[in-house]
Chemist: 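Below is one structure. I have some questions about it.
Quick note: residue numbers are just sequence positions, from 1.
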Amino acid sequence: MQCEGITRAGYRCRNRALDDEIFCEVHMRVNRTYNLALLVPFLTTLLLCYFFVFGLFFETLHYGVFDLNYLKYAGLTDLLISMFRTGGMLTVVVLKLWVIYAVIVGIIFGIWLIVSVTRKTSHKHLKPVRRLKIIGLSLGIFFLNILHRFVVLVPKRNRRHPSQILVGREHLALSLQRHKKALAPVDGPDPFQAATDIYRRFLAVSTFNNHRFFVTILMLALASSGSIIYAGHEAQKMRKCIIQVADKKIVPAEEVPASSLYPGLNMSPLCQNSLSDLPEEVDVSDKFRRSLTSFFTFPVVLLARTDETDPLLYLGATDRFELFFNGKTRLPFSVPNENLEALYGNGDAASSGRLKELETRLDDGIKKMETRLSGLEEMAQRNGKAIGMLEKSTEKQRAANTANLERKLLELEQSAEESGFILAGLQQGLDRIGDVLNTVEMDHTKRIVGTIPDSCWQTSPHMVVTFKVGSTQVTGAETKELIRRLATDYTVKESRFIVISGHSDPSGSTFDNYRLSRARAEEVHALMRDAGIDSSALYMIGRGEDHSNSLPRRRVEIRDCTPAG
């Protein structure tokens, strides 16, 4: 028999010399495997070249926001590392888009299947339970077909022990077949046929009619363009934020003590909301999501040198240089790796001499402590004898007092049970009163916010004071002095409408976050009032939780909303 046309598997066989359809199909599979073996290395090489070019453009444009030519400082090793970093990021983005698309399409076709089966069974006068079983059976077959696409790719471990996933699939298919025979009436709907038809349409839509390769290329190009645009936008926000920090428009409420800083670069939560101060409460999925987002941002570091700390934007490191951006000068700068220590420490002979002097002092102190410890041991031996005599005399008193204590404890337990019922009733009443007060306080705040015009919130704040987790106090002397200067400027300008708004991060309950934001606003309100501003010109509100990505979430904003003229 000549093998012409399409085989049983639905493929066209062009080799007419093969006289059997089975051999023709085997021959076609061998050809496809051979072609795939040649195509995969070529596509992999092409993809790596694309990742290399994309990494080159990505880093150049990303650093170009800070007027820094990345190619002057990066070597071939850095370009290869950038290729794998950006390539991995693009791969994760594309896979995420595929998964989201598949889930959305699956949900849509699942709803379509429910509607279709419901319409077919609406005129059959079936019982509600039987109709629900038919709908559930149809959905089971539909999603079984979807899972079959992924399960069938799992190879068998060997001939005797097949994969447990495939065994489970076969058991589920047999169970669904038995239910189908038991449920379907003679003239009723066929859930298997309905699920199969809709699954075929789902397969055509989800695979783009077998044009997945071209759609993947399109998605890769869109993801590349979107990543470059998003990275540039994030870089501009970080540049603007570090300049505001340098201009003292964003200040921390608490100063960082020099003793807590390492001799080098210290990570700072300024301009970045992903740094958590509560490491014991870690959400792994949230951290993974934030790590993907922070791929496009730069951290703020504190440069510990002499008695001051300079906040800088750390742009990254190459094989030879460390790259920074200074918000004060608005210029980037690079430091060779071998000279990085000189940036934050002098490393001269004087420091080594001081270390030797400290070592000698420590040795003298250790010797004095040893002599004192020997004297204390002798005193402990003498005291031990006296303690033994006291223990013998107190044992008699303990036996006499034990009976009295047990009697008093019984009386206290009885009175505690009686008072416990009373306290429980009081607690319920206090809870109801607290809920009412919380509602009243939140409504009062909403009315105050409603009186402030929208143009006030659209203006940039004149100062942003940041806080640590759970903190409401402004303890930094420099921050207090900046608030006093701002209050003096408002007094000179005769400002009459100064809005002080407090914010908090989303962690915790909503009302506790509102109370925390209000307490922070009250702290800044008190500092400005002490600086000489009339209380009638200050409007203090707590705005509760904040989800901003451009400003620190735990903050207080100060605005002058006095109408012009």
Chemist: Just do the side-chain contact (heavy atoms from CB on, under 4.5 Å) check on I242 and F298 with the steps written out, would you?
Modeler: CA-CA 10 Å; I242 195 64; F298 301 105; over 6 Å; no
Chemist: Salt bridge or not for E523 and R520, using N-O below 4.0 Å?
Modeler: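 Not counted as a salt bridge, because no side-chain N and carboxylate O are separated by less than 4.0 Å.
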Chemist: Please identify each residue that fulfils ring-ring contact (aromatic ring centres under 6.0 Å, His included) with F497, with sequence neighbours left out.
Modeler: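 Y539.
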Chemist: Rounded to the nearest 0.5 Å, what separates atom CZ in R543 from atom OG in S517?
Modeler: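 One finds 10.0 Å between CZ of R543 and OG of S517.
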Chemist: Once rounded to the nearest 0.5 Å, what's the spacing between atom CG of L270 and atom OG1 of T466?
Modeler: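 Between atom CG of L270 and atom OG1 of T466 there are 5.5 Å.
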Chemist: Is it the case that over 12 heavy atoms from other parts of the model lie below 6.0 angstrom from the NZ atom of K493?
Modeler: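 More than 12 within 6.0 Å, yes.
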Chemist: What is the distance from atom NE2 of H233 to atom CZ of F296, rounded to the nearest 0.5 Å?
Modeler: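 Nearest 0.5 Å value for the NE2-CZ distance: 12.5 Å.
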Chemist: Tell me whether the rings of F109 and W112 are parallel (<30°), tilted (30 to 60°) or perpendicular (>60°).
Modeler: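 If you compare the ring of F109 with that of W112, the planes turn out tilted.
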Chemist: Would you say the side-chain atoms of T77 and D319 include a donor-acceptor pair closer than 3.5 Å?
Modeler: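 No, because no side-chain N or O of T77 sits under 3.5 Å from a partner of the opposite role on D319.
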Chemist: Hey, is NZ on K249 packed in by over 12 heavy atoms from elsewhere, all under 6.0 Å?
Modeler: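 Result for NZ/K249: open.
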Chemist: Working to the nearest 0.5 angstrom, can you tell me the gap between R554 CZ and S471 OG?
Modeler: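 That separation rounds to 9.5 Å.
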Chemist: Are any of the side-chain nitrogens in D546 or R553 under 4.0 Å away from the carboxylate oxygens of its partner?
Modeler: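 The answer is no: the pair does not qualify as a salt bridge.
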Chemist: Can you tell me if E481 has over 12 outside heavy atoms packed within less than 6.0 Å of its CD?
Modeler: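 It does: E481 CD has more than 12 such atoms within range.
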Chemist: For C456, what residues pass the disulfide bond (SG atoms under 2.5 Å apart) criterion, not counting sequence neighbours?
Modeler: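 Once residues adjacent in sequence are excluded, the partners of C456 under the disulfide bond (SG atoms under 2.5 Å apart) criterion are C561.
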Chemist: Check salt bridge (Lys or Arg N to Asp or Glu O under 4.0 Å) between R330 and all other residues, then give those that pass, not counting sequence neighbours.
Modeler: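 Partners of R330 under the salt bridge (Lys or Arg N to Asp or Glu O under 4.0 Å) test: D247.
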Chemist: Without hydrogens or angle criteria, can the side chains of Y70 and S82 be said to hold a donor-acceptor pair below 3.5 Å?
Modeler: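 No, S82 and Y70 have no side-chain donor paired with an acceptor closer than 3.5 Å.
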